[in-house]
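Submitted below is the structure of interest, expressed as structure tokens.
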Amino acid sequence: MTPDDLDRILSSEDLLEPSSDFTMDVMARVRLQAAEPSPLRFPWFRVVTGLAASCVMAAAGAVLLLRSGPALTATVAPLAQLAAVTPELGYATAALLVSLALASLPRLLFRP
Amino acid sequence: MREEDQDAADVARVVAGDLSAFEGIVRRWQRRLVNMAWRFCRDRATAEDMAQEVFLKTFRSLASFRRESAFSTWLISIAVNTYRSRLRAEGKPLLSLDPIRLFAVEPDPLHGIEERQRAEAVRRAVLNLPERYRDAILMYYFEEKDLGEAARVLGVVEGTLKARLYRGRELLRRRCANMGLRPAGVPMEET
């Protein structure tokens with residue numbers, strides 16, 4: 001097959017006539033699409049506003065903490081005392097929960 | 001009124017909210033888009049379905065049409081991208097390229113039928129070329145060998161399109177030879 005053969009074949013294509021109801025079908029789908037509500041957009045404004053507010057709050061908090069100095073130390077002192085007894089508090093909580101579980105066993109085992 | 005002016009007027013009306021104006025666009029372009037789709041799939045029902053998809057995409061994007069290019073170029077570009085995407089998504093169409101099935105092995109008294117079958121096999125073989133060559137060949141011949149317009153629609157420079165056309169036709173010619181396709185009127189024994 002020569003290049004000329006190919007060229008002649010590819011140049012000569014029979015024309016296809018669209019179906020008689022093609023236009024009607026397209027227009028029906030177009031009208032359907034036009035009647036649909038537009039899709040919800042991503043709330044960029046709210047996201048950006050929220051991010052900006054968070055940044056401002058974080059910056060303000062950092063500035064306040066830096067400025068508070070000795071007052072901050074006085075504020076967190078009780079927390080430091082609490083941290084010293086944290087393991088004991090943990091053991092006590094665990095013991096309480098285990099006791100409650102054991103106490104509920106007879107009710108579970110001997111349910112009428 | 002020229003066709004381009006009619007398109008521009010209808011586009012303006014649709015953008016302004018007059019849906020019925022879109023019908024004019026569909027009527028003017030349906031034949032061209034269905035025929036273009038046909039070249040990409042060689043199946044009538046699929047071609048109409050793909051053309052319908054193009055019209056819907058066009059309708060959705062009309063508001064963003066910036067008039068930087070002709071409406072025709074913009075529309076055909078949407079069509080090319082849609083048809084390409086469909087072929088990528090659905091895979092190459094399952095078309096028979098078997099010369100035994102498409103061609104009369106014995107000399108056919110109805111030479112016209114044999115010639116038509118041969119031509120159809122070549123057109124189907126185009127669809128099995130790598131995408132860049134397939135698109136180059138399809139759009140070049142669809143645009144009636146207007147290299148500039150085909151390049152604009154495909155979004156490549158003319159030199160690139162020329163190179164793809166050359167390589168695509170060479171590949172097609174070799175594949176046709178491997179399939180046993182021969183020029184019209186040459187009996188099988190001579191090839």
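Reminder, nothing fancy here: chain letters follow the sequence lines and each chain counts from 1.
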When rounded to the nearest 0.5 angstrom, what distance separates OG1 in B/T58 from CG in B/L33? 7.0 Å
SB check B/D135 B/R164 (cutoff 4.0 Å): no
For B/R44, check salt bridge (Lys or Arg N to Asp or Glu O under 4.0 Å) against everything at least two apart and list the hits. B/E48
Under 4.5 Å, counting heavy-atom pairs only, tell me which of A/L6, A/T23, A/D25 racks up the most with chain B. A/T23
For the interface with chain A, which of B/R173, B/R123, B/E23 has the highest count of heavy-atom pairs at distances below 4.5 Å? B/R123
Side chain, backbone, both or neither: which part of B/F22 has a non-hydrogen atom closer than 4.5 Å to chain A? both
Let's test your reading of the structure: which of A/P3, A/A34, A/S19 forms the most heavy-atom pairs below 4.5 Å with chain B? A/S19
Side-chain (B/T73) to main-chain (B/S69) donor-acceptor, under 3.5 angstrom: no
Pairs of heavy atoms under 4.5 Å with chain B: top-ranked of A/R29, A/R31, A/M24: A/R29
Taking atom types as modelled and ignoring hydrogens, do the side chains of A/D5 and A/T2 form a donor-acceptor contact shorter than 3.5 angstrom? yes
Note: vs chain A, highest number of non-hydrogen pairs under 4.5 angstrom among B/N35, B/V34, B/I137 is B/N35
